[in-house]
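Just the heavy atoms: all of them, side chains too, but no hydrogens, waters or symmetry mates, feed the values below.
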Amino acid sequence: MTLSPLNQRRWANFKKNKRAFWSLIIFSFVFGLSLFAEVIANDRPILVKYRGEFFSPIIFFYPEVRFGGDLRTEAVYRDIEIKCLIISGGLEDCWENPEDIIDDAKDGDVKGITIDKGWIITPIIPYSYKTINDINGTAPSAPDRDHILGTDNSARDVLARVIYGFRLSIVFTLIVTIISSIIGIIAGAIQGFFGGRTDLIFQRILELWGSTPQLYIIIIMFAILGRSFWLLVSLTILFGWPALVGVVRAEFLRARNFEYVRAAKALGVSNRIIMFRHMLPNAMVATITILPFIITGTIGLLASLDFLGFGLPSSAPSLGELTLQAKENLQAPWLAFTAFFTFAFMLSLLVFIFEGVRDAFDPRKTFQ
């Protein structure tokens, strides 16, 4: 796909802003890794070989009996007995002395019997965001070799929760920002382009809608329907779309009497094409200027709701919930440091990126 000359100039201007360009590379790399969080941090293996067959527990459900166990529930792959069953090919002695069986199985011979050795490929971090770990002492536990960032008050690995929480925050923010921006731009364009009675009616609606207590509505809806990701996304979009209306409306009110708009109307060009092909590009600079505030505000809103206990379910890997744990466990400073640096890293990169995007769309902005 070839970019137009205008977009090529914008991309060139964006790359000249080194801070924005490198922020985009770093953010894309980190976010790309977080998209594969299940492969990076999980208590289920990526791939298992057992009796010559291959299994992918990270994707599919396998009961314990499939590997020579007794239960029909999902195999707990972190248990030493299950590891022994897989590696030894299902020897019953695994229930008595699994460590010895595993050592012998590595040589392919157990009690003089040649076996088809199995193996397990585990993620780099062998814990999911909801895995309850066996730790020495009480939770939260300090960082150590097994848990680089320590554990929270439920003995869950903090690093795993940060990886999943980072992905959750960004995905939530992208969905809310994209949909609410589309609605806000369309509403603002209609107001500014037509003006008059249309603008007056829309303004009164926005005044009424803006006075609605968002937090109360979220609490009431969660009490009725229960807390869920998509419900929170819907409610955030419902209250977030007016953020861009005022900016887009002002730009369209200013541009509606320009000569090129009058000429297009005189030539019979449809209102839709005039609004979104000719007028909207001129309003993009002001629109993109507001986007970093919408994005950071959305991330802050999600973290605030989780911190107050009105956000995602408590089992979700939320960065706001990690902040709440830091507040309630002052004797565990690693929780506070982790939450602070995660938010600072994420928000700084996003602000730098959109600062570069804003400058790239500004025709008056040039870089030396």
Heavy-atom closest contact (Asp152 atom, Gln325 atom, distance): CB-OE1, 2.8 Å
Under-4.0 Å salt bridge between Glu74 and Arg66: no
Results of salt bridge (charged side-chain N to carboxylate O under 4.0 Å, His left out) for Glu38 - residues two or more places apart only: Arg167
Aromatic plane relationship, Phe345 with Phe166 - under 30° parallel, 30 to 60° tilted, over 60° perpendicular: tilted
Proximity of Phe54 and Trp119 rings by center, below 6.0 Å: yes
Single hit among Ile46, Ile40, Val39 for side chain to side chain contact (heavy atoms under 4.5 Å, CB included) with Pro123: Ile46
Arg19 to Phe352 six-membered ring, cation-pi geometry met (6.0 Å, 45°): yes
Set of residues satisfying ring pair (Phe, Tyr, Trp, His ring centres under 6.0 Å) with respect to Tyr127, sequence neighbours excluded: His147
Neighbour count >12 (heavy atoms, 6.0 Å) for atom CZ, Arg204: yes
Ring-face cation of Lys327 near Phe340 (centre distance under 6.0 Å, axis angle within 45°): no
Ring pair (Phe, Tyr, Trp, His ring centres under 6.0 Å) involving Tyr62 - partner list, sequence neighbours excluded: Phe55
Trp334/Phe337 aromatic ring centres below 6.0 Å: no
Donor-acceptor contact present, side-chain Arg72 to main-chain Pro63, <3.5 Å: no
